[in-house]
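Here is the structure we will look at.
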Amino acid sequence: MSNTPSRAGGAGPGAGGNAAVQLKGGAAILAPVSSFPNGVPGNALVLLPINAQGTPVEKKIVDGPVALQMDEVWKLLGFNGPAVQVQDEQGRPIAIGLEDLLGGLEKHWNDAPDDLGRGRIFAQELMKYGRHEKAEKVLAKVVALGGDGEDWLGLGVSQLAQKRLDKAEATLRGAQNLLKDSPFPSLHLAKLMKEKGDRKAERECVERAIQVDNNSVDAWAYLANSIKDSVGEEEMVKQVEALANAPVNAKCGAPFIALQGFYASPEQKNEKARDKAIGFAKLAVERAPGDPLALLCLSALYGQGGKVDEVVKLLAPHEALMLRDVRVAHNYFEALFQLRDIARVTALLNKLATSQVREVKQFAIERSRAVSQMLAQQQQQLAAAQKT
């Protein structure tokens, strides 16, 4: 059983006064019984705060409704800190309190302080949950013990997150020297230069990142947003296209993947923006026909627009790629399934089941079960209809 409650940010319609609260989806709602004048909904989950001895945790809770802080809610649900999802030894998702997770990782590292791998995992989780000061201390020890360029990069990012700009710059330049084939030290230096207000140096850093890896969507997206912030959207498109058309970048789909991402973002909620996004995604596929991310973006845009036939037409030649990339396999499966092309769905899933990639194989197994259940239900309904 998964114990991962959802948290809504603020009260929704009908949550205040004497208005009724309607339960929909998987939201977790903490409200007094008076919020349900027509009776508690059948799909509500009632939490009884009982401790190990079977007595109420707090008498005040038993006496009546109280206002709870989120930390108190997590404790009542049995978590030490906010619930986070991790995987067990078999790769299954489980929920654990954040403080228990970090405490366990810290103990695991302290048991073998010379094991750099343990320190890296601990630092990674600290940074994931915004504990940058602690992450800096951990990564400083890892670097001192002989850490590699990725450790220098992580240390610089944690220092940058704390606005320790001079230290971060020195560390990131060290990472840049060690990771000569990675665009990320230069990208983070660009962010640092922006913090310092040096837009010229920022542009130089992001262009260096593109020179290091001209197929880095992150680098092109950073460049696009930086130009837009400085001189506007029209100039953004013009400058990115100009750089993308340089001979050295002529076969890269990344510049246009970045531009389609801008127009496909939730902030751009109109048909004109969607058409621009599709146009740039098509350019990305034309330049790099086998790029999984280009195919993924264009097929997703087609799918959002209800152009299921276009999704199938685009992805059908790339079944070999799907054996390695579960995202492309997912989009193709969904399109075929919407068309109810069961023969091609079955053939696809049988092929994916032979993949050496665990995620792809698991996807095929799960979808095969779902399709089998659906067909069995249809047969039962057909048999029942024939009887009547």
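- Using a 4.5 Å heavy-atom threshold, the side chains of K272 and Y263 count as separate.
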Mind running side-chain contact (heavy atoms from CB on, under 4.5 Å) on V312 and R344 for me, showing each step along the way? CA-CA 11 Å; V312 173; R344 292 174 74 179; 3.6 Å; yes
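- Heavy atoms from other residues, nucleotides or ligands lying under 6.0 Å from CD of E133 number 12 at most.
- With N249 contributing its side chain and C252 its backbone, the two residues share no donor-acceptor pair below 3.5 Å.
- Under the 4.5 Å side-chain heavy-atom criterion for grouping Ile, Leu, Val, Met, Phe, Trp and Tyr, V328 is connected to V357 within one hydrophobic cluster.
- Within the model, atoms NZ of K137 and CG of L155 stand 13.0 Å from one another, a figure rounded to the nearest 0.5 Å.
- A salt bridge between R208 and E204 is absent, with no side-chain N of the basic residue lying under 4.0 Å from a carboxylate O of the acidic one.
- In this structure, a donor-acceptor pair under 3.5 Å is absent between the side chains of R203 and S226.
- Each of W152 and I121 belongs to its own hydrophobic cluster when Ile, Leu, Val, Met, Phe, Trp and Tyr are linked at side-chain heavy-atom distances under 4.5 angstrom.
- No donor-acceptor pair under 3.5 Å is formed between the side chain of D100 and the backbone N or O of I96.
- A donor-acceptor distance shorter than 3.5 angstrom exists from the side chain of Q162 to the backbone of S158, with no hydrogens or angles considered.
- Using a 4.5 Å heavy-atom threshold, the side chains of M374 and F337 count as touching.
- Side chains of L101 and N80 form no contact here, defined as non-hydrogen atoms less than 4.5 Å apart.
- Proximity of a side-chain donor or acceptor of K228 to a complementary backbone N or O of E233 within less than 3.5 Å is not detected.
- Proximity of L348 to Y332: side-chain heavy atoms (C-beta onward) are separated by under 4.5 Å at one or more points.
- Note: F256 and F280 have parallel aromatic rings, judged against thresholds of 30 and 60 degrees for the angle between ring planes.
- Annotation: side chain of D111 is in contact with side chain of R118 (closest heavy-atom distance under 4.5 Å).
- We find the CE-OG distance between M193 and S186 to be 10.0 Å, quoted to the nearest 0.5 Å.
- Dense packing is recorded around CD of Q378, with more than 12 heavy atoms of other residues, nucleotides or ligands lying under 6.0 Å away.
- Here L187 contributes atom CG and L192 contributes atom CG; the two are 12.5 Å apart, rounded to the nearest 0.5 Å.
- Although no hydrogens or angles enter the test, the distance criterion places a donor-acceptor pair under 3.5 Å between the side chain of S355 and the main chain of L323.
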Before giving the answer on salt bridge (Lys or Arg N to Asp or Glu O under 4.0 Å), spell out for E366 and R369 the whole-Å C-alpha distance, their side-chain angles and the decisive distance to 0.1 Å. CA-CA 5 Å; E366 292 174 356; R369 289 172 182 163; over 6 Å; no
L382 vs Q380, test: side-chain contact (heavy atoms from CB on, under 4.5 Å). Steps then yes/no. CA-CA 5 Å; L382 180 60; Q380 291 172 359; over 6 Å; no
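- Atom CG of L336 sits about 10.0 Å away from atom OG1 of T346, to the nearest 0.5 Å.
- The cluster map of Ile, Leu, Val, Met, Phe, Trp and Tyr, joined by side-chain heavy atoms under 4.5 Å apart, puts V240 and V217 in different clusters.
- Side-chain atoms of S182 never come within 3.5 Å of backbone atoms of L179 as a donor-acceptor pair (strictly under, hydrogens ignored).
- Counting only heavy atoms from C-beta outward, the side chains of L352 and R367 never approach each other to under 4.5 Å.
- Hydrophobic clustering of Ile, Leu, Val, Met, Phe, Trp and Tyr side chains at less than 4.5 Å, counting indirect connections, unites F363 with V371.
- Counting heavy atoms from C-beta on, the side chains of L126 and L105 never come closer than 4.5 Å.
- With hydrogens and angles ignored, the 3.5 Å screen pairs no side-chain donor or acceptor of K163 with any backbone N or O of L160.
- Residues V345 and L314 share a hydrophobic cluster, clusters being chains of Ile/Leu/Val/Met/Phe/Trp/Tyr side chains in contact below 4.5 Å.
- Not one N or O on the side chain of S216 forms a donor-acceptor pair closer than 3.5 Å with the backbone of D213.
- Electrostatic pairing of K313 and D309 does not count as a salt bridge here, judged by no charged N lying under 4.0 Å from a carboxylate O.
- For R287 (side chain) and P255 (main-chain N/O), no donor-acceptor pair under 3.5 Å exists by modelled atom type.
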Residues L223, W220; criterion side-chain contact (heavy atoms from CB on, under 4.5 Å); working and verdict: CA-CA 5 Å; L223 175 64; W220 286 99; 4.2 Å; yes
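- Here K128 contributes atom NZ and L102 contributes atom CG; the two are 10.5 Å apart, rounded to the nearest 0.5 Å.
- Here the options are K196, Q159, R164, the test is side chain to side chain donor-acceptor pair (under 3.5 Å), and the partner is E169; only K196 passes.
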Steps toward side-chain contact (heavy atoms from CB on, under 4.5 Å) verdict (F122, R131): CA-CA 11 Å; F122 181 33; R131 310 290 179 88; over 6 Å; no
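- In the displayed structure, D181 atom CG is contacted under 6.0 Å by at most 12 heavy atoms of other residues, nucleotides or ligands.
- Between D148 and R120 there is a salt bridge, with a side-chain nitrogen of the basic residue lying less than 4.0 Å from a carboxylate oxygen of the acidic one.
- At a threshold of 4.5 Å between non-hydrogen side-chain atoms, the residues L189 and Q176 count as touching.
- Judged by distance alone, the side chain of N214 and the main-chain N or O of I210 form no donor-acceptor pair under 3.5 Å.
- Ring-plane geometry between H188 and F184 is classed as tilted, the angle between the planes lying from 30 to 60 degrees on a 0 to 90 degree scale.
- Between I257 atom CD1 and L283 atom CG the span is 11.0 Å, to the nearest 0.5 Å.
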